[in-house]
Asker: 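Just passing along the structure, written as structure tokens.
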Amino acid sequence: MSTQNPVFIPGPTNMPDELRRAIDYATIDHRSSNFVEMFMPALSGVKRILKTETGESLIFPSTGTGAWEAAITNTLSPGDKVLIGRWGMFSHRWIDMCQRHGLKVIVVEAPWGQGVPLDAYSSALKGDKDHDIKAVMVTHNETATGVKSDIASVRKVLDAANHPAMLLVDGVSSIASMDFRMDEWGVDVAIAGSQKGFMLPAGLAILGVSQKAIAAMETAQLPRTFFDFRDMLKANANGGFPYTPPLQLIRGLNHAIAMLEDEGLDNVFARHHRLAQGVREAVSAWGLTLCAQSPDLYSDTVSAIVVPKGFDGTGFVTHAADKYGVAFGVGLGEVAGKVFRIGHLGMLTDVMVCAGLSAAEMTMLDLNFPIKAGSGVAAAQEYFRNNDVTANLAHQAAA
Ligand SMILES: *Cc1c(COP(=O)(O)O)cnc(C)c1O
């Protein structure tokens, strides 16, 4: 596989040169003031990206999966009831983790291609008169199907039921690429990782915790040591870490946040919307459809494209890698073989997306997919030429 071609997998994402240079850094003593000076801005920067002023940020050496585990073990006890929906591989894995931790998991099934089933969440919460449900969990952006769920509406459902459950949100493939508002949406634990919107290598579990979640950690009985928020918050209060910090990644995180803020978060979101829309124009010009069932669900970071009947999504990904040295995402779980995915998040431009669409087209033509040569690329070109970023900012404001 060529390392010159960008990747079009939905994480890990392409690393900007600036971030590759930032993480190429000598060892420094993590008990020195130099480390404190590096670490404190990372913690406050994460809070700005998550849009929380009342909560705290936490950074563990781990990945998104570790952040899932940190979220549940620090806020819940064995036998606690949690409400969670399954509509893709990532929500499925979080459910599996909850079950393995001995939680009583109320699973709401939704078709893969749909998002959070608000009505089912609402009736479960309204029916829970004794408030046995301790946490409501949502995958903000289901990376397996390219489906975005509306977290503000989940908050409304909780409030309408007058339910005190915590709201835990997996934002691994949305945070730093799509609009996320921790305080405004009343999110109690926000979950992210370093290798998607933050454009870094895998290695950091990034979390935001509300005061309610911080209070819950005092009574939560699920076992944890490495991921114990109490140890982390105590050490962080003095700019320290409870064990050896991944300081090169923390340094990279500072630079990533600076890049995002230099561009402006709203511009970052508008760029992702624009790139995603270019991909969607191509998909419809090919005569194909997305796994996501309706436009309100379309993810701005990843598109799962349904392959025509009789064709194989995994074969598409293999061929693109073998012949063109380009990485696309395979279908996972229920949609394995039925879709291929184009990741369009992180450091990406119109031109890179056009190249990716061109590679996808060559691959489909090689495999005799019934598409017209050049059709998707032309549709994306047309969209990119005629839609400037300002127009997309207006879209963002209206949303
Ligand atoms: C990538 C991803 C994860 C898992 O993160 P890892 O860093 O691979 O552990 C969890 N949830 C979502 C939505 C993801 O996209």
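Order of appearance sets the numbers: ligands from 1, and atoms from 1 within every ligand. Values in this document were obtained by computation on a predicted structure and should not be read as measured data.
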Asker: Considering only the protein, which heavy-atom contact is closest to atom 5 (O) of ligand 1, and what is its distance?
Answerer: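 Ranking protein heavy atoms by distance from atom 5 (O) of ligand 1, first comes G64 CA, 3.5 Å.
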
Asker: Any atoms of ligand 1 less than 4.0 Å from a non-hydrogen atom of N141? List them with their elements.
Answerer: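 This gives 13 (C) as the contact atoms.
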
Asker: Of all the non-hydrogen atoms in the protein, which one sits nearest to atom 4 (C) of ligand 1, and at what distance?
Answerer: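 Checked against all protein heavy atoms, atom 4 (C) of ligand 1 sits closest to T65 OG1, 3.8 Å.
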
Asker: Could you check whether atom CD of E53 has more than 12 heavy atoms from other residues, nucleotides or ligands sitting under 6.0 Å from it?
Answerer: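 Incorrect, the count does not exceed 12.
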
Asker: Applying the ring pair (Phe, Tyr, Trp, His ring centres under 6.0 Å) criterion to F316, which one of F328, F311, Y324, F8 satisfies it?
Answerer: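 Going through F328, F311, Y324, F8 one by one, the ring pair (Phe, Tyr, Trp, His ring centres under 6.0 Å) with F316 is satisfied by F328 alone.
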
Asker: Report, as yes or no, whether the 6.0 Å neighbourhood of atom CG on N386 holds more than 12 heavy atoms from other residues, nucleotides or ligands.
Answerer: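 More than 12 within 6.0 Å, yes.
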
Asker: Using 4.0 Å as the upper bound for N to carboxylate O, is an ion pair formed by D132 and K104?
Answerer: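 No, no charged N to carboxylate O under 4.0 Å.
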
Asker: Given D300, which partner from the list R274, R271, R280 fulfils the salt bridge (Lys or Arg N to Asp or Glu O under 4.0 Å) test?
Answerer: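 Per the salt bridge (Lys or Arg N to Asp or Glu O under 4.0 Å) rule, the option paired with D300 is R280, out of R274, R271, R280.
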
Asker: Just which atoms of ligand 1 are under 4.0 Å from any heavy atom in S173?
Answerer: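 Per the distance check, 13 (C), 15 (O).
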
Asker: To the nearest 0.1 Å, how far is atom 11 (N) of ligand 1 from its closest protein heavy atom, and which atom is that?
Answerer: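 I find the closest protein heavy atom is D170 OD2, 2.7 Å.
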
Asker: Report the relative orientation of the aromatic rings in H131 and H163; use parallel for angles under 30°, tilted for 30 to 60°, perpendicular for over 60°.
Answerer: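 H131 vs H163 ring planes: tilted.
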
Asker: Measure K196 to ligand 1 on non-hydrogen atoms and call it side chain, backbone, both or neither using the 4.0 Å cut-off.
Answerer: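 Near ligand 1, K196 shows its side chain, while the N, CA, C and O stay back.
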
Asker: For atom 10 (C) of ligand 1, what is the closest protein heavy atom, and at what distance to 0.1 Å?
Answerer: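 So the nearest neighbour among protein heavy atoms is W68 CZ2, 3.4 Å.
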
Asker: Apply side chain to side chain contact (heavy atoms under 4.5 Å, CB included) to V307 and V339, showing your working.
Answerer: CA-CA 5 Å; V307 297; V339 304; 5.9 Å; no

Asker: Would you say Q195 contacts ligand 1, with heavy atoms under 4.0 Å as the rule?
Answerer: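 Contact present.
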
Asker: Which heavy atom of the protein is the closest neighbour of atom 15 (O) of ligand 1, given with residue, atom name and distance?
Answerer: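 I find the closest protein heavy atom is T143 OG1, 2.5 Å.
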
Asker: Any atom of ligand 1 sitting under 4.0 Å from a heavy atom of W94?
Answerer: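 No, W94 has no heavy atoms under 4.0 Å from ligand 1.
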
